[in-house]
A.B. asks: 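First the structure, then my questions, so here it is.
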4 protein chains.
Amino acid sequence: MTESRRERERRARRQEIISAAKEVLSRKPFNEATLEEIAERAELAKGTIYGYFKNKEDLFISLIKQEFDSWRRAVEPALDEGLAPRERLRIMTEAVLRYHLDNLDLYKIYLTHMGFIIIPKEGMLHEYQRIINDCLKKAMEIYREVIISCQKDGLFKDKDPQFLTLVYQGVIQSVIMGWMMGLIDKPIPKLVEDILELLPESS
Amino acid sequence: MTESRRERERRARRQEIISAAKEVLSRKPFNEATLEEIAERAELAKGTIYGYFKNKEDLFISLIKQEFDSWRRAVEPALDEGLAPRERLRIMTEAVLRYHLDNLDLYKIYLTHMGFIIIPKEGMLHEYQRIINDCLKKAMEIYREVIISCQKDGLFKDKDPQFLTLVYQGVIQSVIMGWMMGLIDKPIPKLVEDILELLPESS
Amino acid sequence: MTESRRERERRARRQEIISAAKEVLSRKPFNEATLEEIAERAELAKGTIYGYFKNKEDLFISLIKQEFDSWRRAVEPALDEGLAPRERLRIMTEAVLRYHLDNLDLYKIYLTHMGFIIIPKEGMLHEYQRIINDCLKKAMEIYREVIISCQKDGLFKDKDPQFLTLVYQGVIQSVIMGWMMGLIDKPIPKLVEDILELLPESS
Amino acid sequence: MTESRRERERRARRQEIISAAKEVLSRKPFNEATLEEIAERAELAKGTIYGYFKNKEDLFISLIKQEFDSWRRAVEPALDEGLAPRERLRIMTEAVLRYHLDNLDLYKIYLTHMGFIIIPKEGMLHEYQRIINDCLKKAMEIYREVIISCQKDGLFKDKDPQFLTLVYQGVIQSVIMGWMMGLIDKPIPKLVEDILELLPESS
DNA sequence: GATGAATGAGGGTTCATTCAT
DNA sequence: TATGAATGAACCCTCATTCAT
């Protein structure tokens, strides 16, 4: 069991580093965030990080993957196909908002690195850019799946699902940004209601 | 008049540098874009840039300011209070879309640097981050003014204007991103129509 | 002509860096020689070197190539097929000895990096290792060519030329090392005579 | 006796580390060989090595000393002054060749670190560089002693013994390198014969 | 004004060595 | 004694900025 303790400690330390990185990366883009600062925040020497991650990029990728998994788990309930589509949309919207508003750092990272979604593949794309891209695509697919199920149920009848998905994502983003900027502070269920009301009904 | 020619040339040269910077910054975030690359694209020596701008940041700020002014001029027609509110909204939407779709580089810069909307609470804020922030706020104010005028006219009756502004901005952004990603390619007037349709009517 | 002066200065500076590198690399193997030390010796800032060479390895490769070319030019006279084979051998031996004894640093570099000749290709071979290898092979080929021409003339009749080349190279190396260690200080022509006397005659 | 077993185990462990180091150092120069890799090959933790050697250099020195002792023992029979000089030379040549061809790793280490023969005039000399130097000098002395005894017996009559020693060493090295590079594969006694034939007879 | 060589601070990364367990 | 996590010095390299020409 001694072995087990060491492993536990190792995992904990690894997590501390990821958390430190998360905080720093929420304020600075990848290239501006220094390992020095991350190490400092984790109260470690710079070199120590390399015992846990292959390099700066690996650390960042691990962070993104972990956070995306966590986001995905939060949204999972909305994937239950047994639920009514409209209910799935409500659950999803609430889960997404709650997740991000409880965890603003992640969203800041997303915003800070959003440029990477768009940047054309000039030269080699950094691995971490690919990862971010993947996560975004997966998130969009989830949105789209739920939206399509709503359409099958008669909502937003004649609109292009791609377009609807984009708009949905844009509205969510606006709300989160508004919250971040202190322009909005309603409780989450109220926000969800407001958002759903905005969506074009089929009727 | 020789003096005047010199000035004209100087302004032209300055403009070339800004254009080069714009192109580079649409592909890379501030810290990844090098003066070397900008100078190369402007067909100048690195040192020459310092004859026109105090430093890298100053160049970036000048770029942002200039672009924002240009954007503002494009949207100006919608500020005419003599027009019908709904028409103002249509004009604004069309102007914004047209401006950005004709000028994707600027939007890429915006996306690439969007993280800076979120003001870091600690440490020094780069001057250019503050500028970007200012521009965004001014744009939001323009949106809000038009939206409020619509509300006075009976549209979106009971909604919070702040919230509506955010949503409007989010929808615009979605459409531009969809366009960039090749997911959308309808002509602009059609897009405007789609967007306005989405907005909740008063009725 | 101003341009020409700049170019001239550039080449001169480049040469200074190579010379500094040569001195340092004659004392330390590649991995132990630091750019810091090279820059210091060239009386330049570390960063300046990167204006002249892509990186440390590029600098080293340029050095090796330059030195090998220079060595080759020194040995060139022995390649004249119009000469009597035995005379060619004498000329070559004298040229090689004179070149290295006048230019001990290069030989030190060779010795300091000799390990790379043998190291099996585990993983990727550094580019500079390949270059060193190439130079050595070319040198051996020159030796062999002259030796074979001697054999055709009746010298060392029945020996394997490969073997003879190795031995020749080994003897040369011994003499240079002896000189370096201060064990030998005869004038070069005397050394050449001594060496040639050692070689097995055909008779 | 428990104590004795402990000691035995300790020595064995120490030996394992030296062997691992030998293998690694035959492929990489001192500064490129990492303790990590040595420890891995010895199936030990990095820190454990410090229980057996003061530091990396101490380990390297121990290795060199041990190998040199072993080499010396192999050559010992040739030091018997009761034998005929020519026979001593034959025995020595065969012993040296056999030792190195059976133990190529050591020779690779020698080649990889040969640069250290040339004592840097400035700065601090690594202790291990001095050791290598010492070993080489001792080896040369052994060669010289046998060669001088041959001369007293009338061989190579009028040559400078220092010169002959160097040449002898050079020829030996050539043969070993030829073997390593796959250019030579005769059985050892045949090689010895070839070498001795090369050496200038007195007659 | 234009040039581009030179600078040097600062970042990512490696690795010998130490030390608590 | 064995372990391997932690340390931090030192290395290579980049790039904004300066300055002599």
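Within every chain, numbering begins at 1; the chains are lettered A, B, ... in the order of the sequence lines, protein sequences first and strands thereafter. None of the values given here were measured: they were computed from a predicted structure.
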A.B. asks: Rounded to the nearest angstrom, tell me the gap between atom CD in B:Glu43 and atom P in E:dT3.
C.D. replies: 11 Å
A.B. asks: Kindly say whether B:Asp58 contributes a backbone atom to a donor-acceptor pair with the side chain of B:Ser62 at under 3.5 angstrom?
C.D. replies: yes
A.B. asks: Any donor-acceptor pair, under 3.5 Å, between the side chain of A:Lys46 and the base of E:dT13, if you only look at N and O atoms?
C.D. replies: yes
A.B. asks: To the nearest Å, give me how far apart CD (B:Glu36) and C1' (E:dT7) are.
C.D. replies: 15 Å
A.B. asks: Between atom NZ in A:Lys56 and atom P in E:dG11, what is the gap in whole Å?
C.D. replies: 9 Å
A.B. asks: Between D:Asn55 and C:Gly47, which is nearer to the 5' end of DNA chain E once each is assigned its nearest nucleotide?
C.D. replies: C:Gly47
A.B. asks: Of A:Ala45 and B:Lys54, whose nearest nucleotide on DNA chain F comes first from the 5' end?
C.D. replies: A:Ala45
A.B. asks: Check whether any side-chain N or O of D:Tyr50 sits under 4.0 Å from OP1 or OP2 of E:dT17, and answer yes or no.
C.D. replies: yes
A.B. asks: Separation of B:Ile17 atom CD1 from E:dG1 atom C1', in whole Å?
C.D. replies: 12 Å
A.B. asks: For a quick check of understanding: with a heavy-atom distance under 4.0 Å over all strands, which category does D:Tyr52 fall into, base, sugar-phosphate or nothing?
C.D. replies: sugar-phosphate
A.B. asks: Just verifying a value: how many Å separate B:Leu106 CG and B:Gln66 CD, rounded to the nearest 0.5 Å?
C.D. replies: 10.5 Å
A.B. asks: Going by purine N1 to pyrimidine N3 plus the second Watson-Crick contact, or the G-U wobble pair, all under 3.5 Å, which nucleotide sits opposite E:dA20?
C.D. replies: F:dT3
A.B. asks: Please determine whether a side-chain nitrogen or oxygen atom of A:Arg10 lies at a distance below 4.0 Å from atom OP1 or OP2 of F:dA5.
C.D. replies: yes
A.B. asks: Write down the distance between CG (D:Leu35) and P (E:dT14), rounded to a whole number of angstrom.
C.D. replies: 16 Å
A.B. asks: Below 4.0 angstrom, N of the basic side chain to O of the carboxylate: do C:Glu7 and C:Arg10 qualify?
C.D. replies: no
A.B. asks: What does E:dT14 pair with, Watson-Crick or G-U, if both distances are under 3.5 Å?
C.D. replies: F:dA9
A.B. asks: In whole Å, I'd like the distance from the CG atom of D:Leu44 to the P atom of F:dT1.
C.D. replies: 14 Å
A.B. asks: Rounded to whole angstroms, how far apart are CD on C:Glu16 and P on E:dA6?
C.D. replies: 9 Å
A.B. asks: Measure from CG on C:Asn31 to C1' on F:dA10 and round the result to the nearest Å.
C.D. replies: 14 Å
A.B. asks: Parallel, tilted or perpendicular: which describes the rings of D:Phe60 and D:Phe30, with under 30° parallel and over 60° perpendicular?
C.D. replies: parallel
A.B. asks: Looking across every strand, which nucleic acid part, if any, lies under 4.0 Å from C:Ala33 by heavy atom: base, sugar-phosphate, or nothing?
C.D. replies: sugar-phosphate
A.B. asks: Using a 4.0 Å heavy-atom cut-off across all strands, classify B:Arg13 as base, sugar-phosphate, or nothing.
C.D. replies: sugar-phosphate
A.B. asks: Under 4.0 Å between a side-chain N or O of D:Thr48 and OP1 or OP2 of F:dT3?
C.D. replies: yes
A.B. asks: Evaluate A:Glu23 against A:Arg27 for salt bridge (Lys or Arg N to Asp or Glu O under 4.0 Å), listing each step before the verdict.
C.D. replies: CA-CA 7 Å; A:Glu23 199 284 331; A:Arg27 285 183 290 107; 2.9 Å; yes
